[in-house]
Amino acid sequence: MQAVSLRPQQRLLVSKRIALYALVVLIGLVPALSLPLTMLMPLFICPLIKGKKNWIAWITVPLPSVIVLLYGYHPAYAASLLLLTGLPALVTWRMNPVQSSKPESILMYVAAMAIALAFALWALYLDAWQQGISLAEFLSEKVEQWVMSHPQRTSLLYRAMSAGLLPVPDGYQQVTLLNLTIDPVFLGEVRLMLKTRVAQLVETKVPVLLVQASILLGVFTDLRILRMWGSYLLLNKTEPNKVSIALAPSFSRLRMPRRWHVVLLICCVSYFLMIGTQGFVYRIAQLAYATFETAYQLQGAAVVCSLIMGEKQERRVLAGIAAGLLFVMMPFAAFVAGCFENMFSFRLRAGDDKNEREKNEEEEP
């Protein structure tokens, strides 16, 4: 059996170039959104790196950094954007086809994204960090200043208290417009509660968001590369009249190798052993548990995507939307589905790369 790599269709290459140019234009128009827009660029840069005209992708790598520098942003922030686009591109450029086909290639992209995002987060509050201010204190101060100076401050605070996001200060039975406008004691208590609540959210949510973004971007970058460049034409020497096409697995077939479950279990146990600590050790524990939780949530979303799509490729968009909603709106359900994937037959077992290949092969006489 001889395998010949198939080039992707020209329309796929053109569509990714157009999407990449659109992201660069949006960064130029709205530099305040440069970080989230730059985070999406590796999804289009890395697949293009594998092609012959990869110079088109390499040209776009430094553009976000150049744009924010022209707008007067801090050089450290510009460097973080360069790291976000350049590091995954370098990983793709240095990785050979054999390495790209292994599950460990996902870990390379996840690590690259984690390093780049951590540096970007540090660059955003570099000035405050040099003054010894923590990230929670820095963000809580910024949010408090933004809310209290907002033209719709009264409406924002009233809605926050009505929804339970902010508690009513002690000594007040109810919130009135008079309290929210001219009562200095009430407003002082609200300021303090707002800063405290934001600081608590930063302490608990930022590590989770950092891990989730790193895993999601790393996984989907690797899957997009495999989807474009992982298809092969199989030539059978004994039956030269038959030609088979082997396609790369999609997100619906995403399944962690068995040895990864052991590592994730270690992360979970480490979290519970370090949960009573403080400072840097507790941050490590948070990152370990966020890795454990996000990995199984992502696998659970893949299970739902597979169940909805089945063998019908026309349901691919619907299955992707449903999996995304489950991951965002019901993360615990996705987590449970991912945890029990290896215990119950949610999907046809592919122990099994053979079964997967048989489903993706199309024979032509």
Could you tell me which residues satisfy side-chain contact (heavy atoms from CB on, under 4.5 Å) with W58, sequence neighbours excluded, listed by chain and number? I49, N54, V61, A89, L90, W93
Is the shortest heavy-atom distance from the side chain of I266 to the side chain of S270 under 4.5 Å? yes
Go through the steps to decide whether K142 and W146 satisfy the test side chain to side chain contact (heavy atoms under 4.5 Å, CB included), and finish with yes or no. CA-CA 6 Å; K142 290 294 183 181; W146 180 81; over 6 Å; no
Salt-bridge criterion met for R191 and E144 (N-O under 4.0 Å): yes
Is Y71 linked to L81 within one hydrophobic cluster, defined over Ile, Leu, Val, Met, Phe, Trp and Tyr using a side-chain heavy-atom separation of less than 4.5 Å? yes
When you measure from the side chain of T221 to the backbone of G218, do you find a donor-acceptor pair of N or O atoms at a distance under 3.5 Å? no
Do V328 and V211 sit in the same hydrophobic cluster, where Ile, Leu, Val, Met, Phe, Trp and Tyr count as joined when their side-chain heavy atoms come under 4.5 Å apart? yes
Heavy-atom closest contact (S140 atom, A199 atom, distance): CB-N, 4.0 Å
Report the C-alpha distance between L217 and V110 in whole Å, list the side-chain angles of each, state the deciding distance to 0.1 Å, and finish with yes or no for side chain to side chain contact (heavy atoms under 4.5 Å, CB included). CA-CA 7 Å; L217 292 173; V110 171; over 6 Å; no
The salt bridge (Lys or Arg N to Asp or Glu O under 4.0 Å) partners of K16 (sequence neighbours excluded) come to none
Can we call the ring centroids of H261 and F292 under 6.0 Å apart? no
With no hydrogens and no angle check, is any side-chain donor or acceptor of Q299 less than 3.5 Å from a backbone partner on M256? yes
To check you understand the geometry: which heavy-atom pair defines the closest contact between V281 and M274, and what is its length? CG1-SD, 3.6 Å
Between the side chain of S306 and the main-chain N/O of A302, is any donor-acceptor distance below 3.5 Å? no
How would you list all residue pairs meeting salt bridge (Lys or Arg N to Asp or Glu O under 4.0 Å) that involve residues 55-77, not counting sequence neighbours? none
Validation row: L107, W260 side chains within 4.5 angstrom (heavy atoms): yes
Do the non-hydrogen side-chain atoms of Y109 and T92 ever get within less than 4.5 Å of each other? yes
Would L216 and L117 show up in the same hydrophobic cluster when neighbours are defined by side-chain heavy atoms closer than 4.5 Å? yes
Please find the pair of heavy atoms, one from L326 and one from A333, that lie closest to each other, and give the distance. CD1-CB, 3.9 Å
Identify each donor-acceptor pair in which a side-chain atom of residues 20-47 lies under 3.5 Å from a protein atom, sequence neighbours left out, and give them as a table.
unit_1, atom_1, unit_2, atom_2, d
S34, OG, P31, O, 2.9
S34, OG, Y77, OH, 2.6
T38, OG1, S34, O, 2.5

So, for A114 and S214, which heavy atoms are closest and what is the spacing to 0.1 Å? CA-OG, 3.2 Å
Taking L201's backbone N and O only, do any of them form a donor-acceptor pair with T204's side chain (distance below 3.5 Å, no angle check)? yes
Donor-acceptor under 3.5 Å (S65 side chain, L82 main chain): yes
Is it true that L63 and I56 fall in one hydrophobic cluster, defined by side-chain heavy atoms closer than 4.5 Å? no
A side-chain contact here means heavy atoms from C-beta on lying under 4.5 Å apart; do V143 and K195 qualify? no
Taking only residues two or more places apart in sequence, or in another chain, which ones meet E203 in a salt bridge (Lys or Arg N to Asp or Glu O under 4.0 Å)? R283
Listed once per pair and sorted, the ring-ring contact (aromatic ring centres under 6.0 Å, His included) pairs that draw on residues 308-329, sequence neighbours left out: none
What closest approach, in Å, do P207 and V202 show between heavy atoms, and which atom pair accounts for it? CD-O, 3.7 Å
